[in-house]
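Scroll down for the structure; my scribbles are underneath it.
Atoms within a ligand are numbered from 1 in the order they appear, just like the ligands themselves. For the single chain, residues carry numbers from 1 onward in sequence order.
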Amino acid sequence: MTTKKGYFGEYGGQFVPETLMNAILELEQAYQQYKDDKDFKNEFHTLLNDYVGRPSRLYYAKSMSQDLGMRIYLKREDLNHTGAHKINNAIGQALLAKKMGKKRIIAETGAGQHGVASATSAALLGLKCEIFMGKEDAERQALNVYRMKLLGAKVHIVTSGTATLKDAVSEALREWSMRIEDTHYLIGSAVGPHPFPTIVRDFQSVISYEARAQILEAEGRLPDMVVACVGGGSNAIGSFYHFLQDSSVRLIGCEAAGKGVDTHKTAATLTIGKAGIFHGMKSYFCQDDYGQIAPVYSISAGLDYPGVGPEHSYLHSIKRAEFVAITDDEAVEAFEYLARCEGIIPAIESAHAIAYLQQYARTLPKNSLILVTLSGRGDKDCAAMARYRGDDIYE
Ligand SMILES: *Cc1c(COP(=O)(O)O)cnc(C)c1O
């Protein structure tokens, strides 16, 4: 759906300093060359199958379906190696970097999930790996910092700005511009300057490629609705992509409302944000009255980003996808609900998508056929969820 090169409608583009332009162009060229290359595709899909464990299962959630009066299928990205969808993109980009002759990858990370996926891919493919992580996040996610180091990565602690994800992205972009010869910037979501949003979308589109065939096989028809959570938007765009042309299929993106969209403690970009330019792209961002990027908040570190990928801004603008905001409370409720109901502990990010079904079940026709992407597993969130309920499990 790209119109102008690198744009989705009026969103996207390449808003980068001169020093990065060469790197971006080199990447664009390499991707053009490899994306339809038979050997590249073979290698990528062999790794997805044998190493990541794809295709991921499509699971009919019987108890939840009965309880909510719908037919609900879960696309189990939580069963992937390293526990989430992020590995699909990390392996794809690491492989591309290797083909380009790069010896080193750098990546940003918020909660550490993308850092771990990147470090994993680097270990797998024999690349050096350095991760940029905000000081705040590194302290909150000490276990993931240890994992990255164990996997052979070097972790740089970022203290600028709010010392969180957006500052880690800025720092990684800066580092890339200083060392483009041997380094690829492995961005973790469908954001940033073109060609990143397209590359990440393509690597993650394996989710809807599989799910579309799986649900046709199971039900003999397309779903009425596809639901996914949206941080930067990579698991959502990957889940939507092969359904974009199916006009009967509603596409629902669930953003993090945090404490509520009428408070300042929120990350619901498309619900409360405005169009702007940041991190190399024109898209929607949470901004203050002066157009500065606003500090954002969500209980879910993976959704705690002040922007959203440009393709989502476009799908929002043409009303092809709908975006709803789910609060912390609703997400925690859904986290506990899925655990009890189906014996599946979802990532708190993914719980935002489950919460949508709980919140909106009454408004949907009975027996609607629903596909929900479970972007990751919830082991990483257990301590925080217990704390949310007033229980310190490490006491
Ligand atoms: C990082 C993460 C997300 C959010 O990222 P997207 O790019 O929006 O998909 C969602 N779920 C999980 C499990 C994550 O780790």
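Among all protein heavy atoms, the one lying closest to atom 11 (N) of ligand 1 is Ser375 OG, 2.7 Å. In this structure, atom 4 (C) of ligand 1 lies nearest to the protein heavy atom Gly302 O, 3.3 Å. Of the protein's non-hydrogen atoms, Ser234 N, 3.3 Å is the one closest to atom 6 (P) of ligand 1. Summary of contacts: the protein heavy atom closest to atom 15 (O) of ligand 1 is Lys86 NZ, 2.6 Å.
The Ser189 neighbourhood of ligand 1 comprises atoms 6 (P), 7 (O), with distances under 4.0 Å to a heavy atom of that residue. Listed by atom number, the atoms of ligand 1 under 4.0 Å from Gly376 heavy atoms are 13 (C). Of all atoms in ligand 1, listed by their number and element, those nearer than 4.0 Å to a heavy atom of Gly231 are 8 (O).
Considering only residues two or more places apart in sequence or on other chains, Leu79 meets the side chain to side chain contact (heavy atoms under 4.5 Å, CB included) condition with Arg57, Arg76.
Relative ring orientation between His184 and Phe196 is described as tilted, the plane-to-plane angle lying within the 30° to 60° band. Ring geometry, Phe285 versus Phe278: the interplanar angle exceeds 60°, so the pair is classed perpendicular (tilted spans 30 to 60°). Between His279 and Tyr305, the ring planes lie parallel to each other; the angle is under 30°, not in the 30° to 60° tilted range.
The minimum heavy-atom distance linking Ile131 with Ser118 is given by the pair CD1-CB, 4.1 Å.
At least one heavy atom of His85 sits closer than 4.0 Å to an atom of ligand 1.
Residue Ala347 has no nitrogen or oxygen atom sitting less than 3.5 Å from a nitrogen or oxygen atom of ligand 1, judged on distance alone. Residue Ala190 places no N or O, backbone or side chain, under 3.5 Å from any N or O of ligand 1. For ligand 1, none of its N or O atoms has an N or O atom of Gln113 under 3.5 Å away. Ligand 1 has an N or O atom lying under 3.5 Å from an N or O atom of Gly233, backbone or side chain.
Side-chain atoms of Asp202 and Tyr31 form a donor-acceptor pair, as typed in the model, at a separation below 3.5 Å.
Among residues at least two apart or in separate chains, there is no ring-ring contact (aromatic ring centres under 6.0 Å, His included) pair with a member in residues 362-385.
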### Query
Are Glu175 and Tyr185 close enough, and set up right, to give a side chain to side chain donor-acceptor pair (under 3.5 Å), and what steps lead you there?
CA-CA 9 Å; Glu175 167 71 17; Tyr185 175 25; over 6 Å; no

### Query
Passes side chain to side chain donor-acceptor pair (under 3.5 Å), Glu349 versus Asn235? Steps please.
CA-CA 11 Å; Glu349 291 83 9; Asn235 91 88; over 6 Å; no

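With a 4.0 Å cut-off on non-hydrogen atoms, Val230 touches ligand 1 through its backbone and not its side chain.
One option in Glu349, Gln204, Glu77, His114 has a heavy atom closer to atom 10 (C) of ligand 1 than any other, and that option is Glu349.
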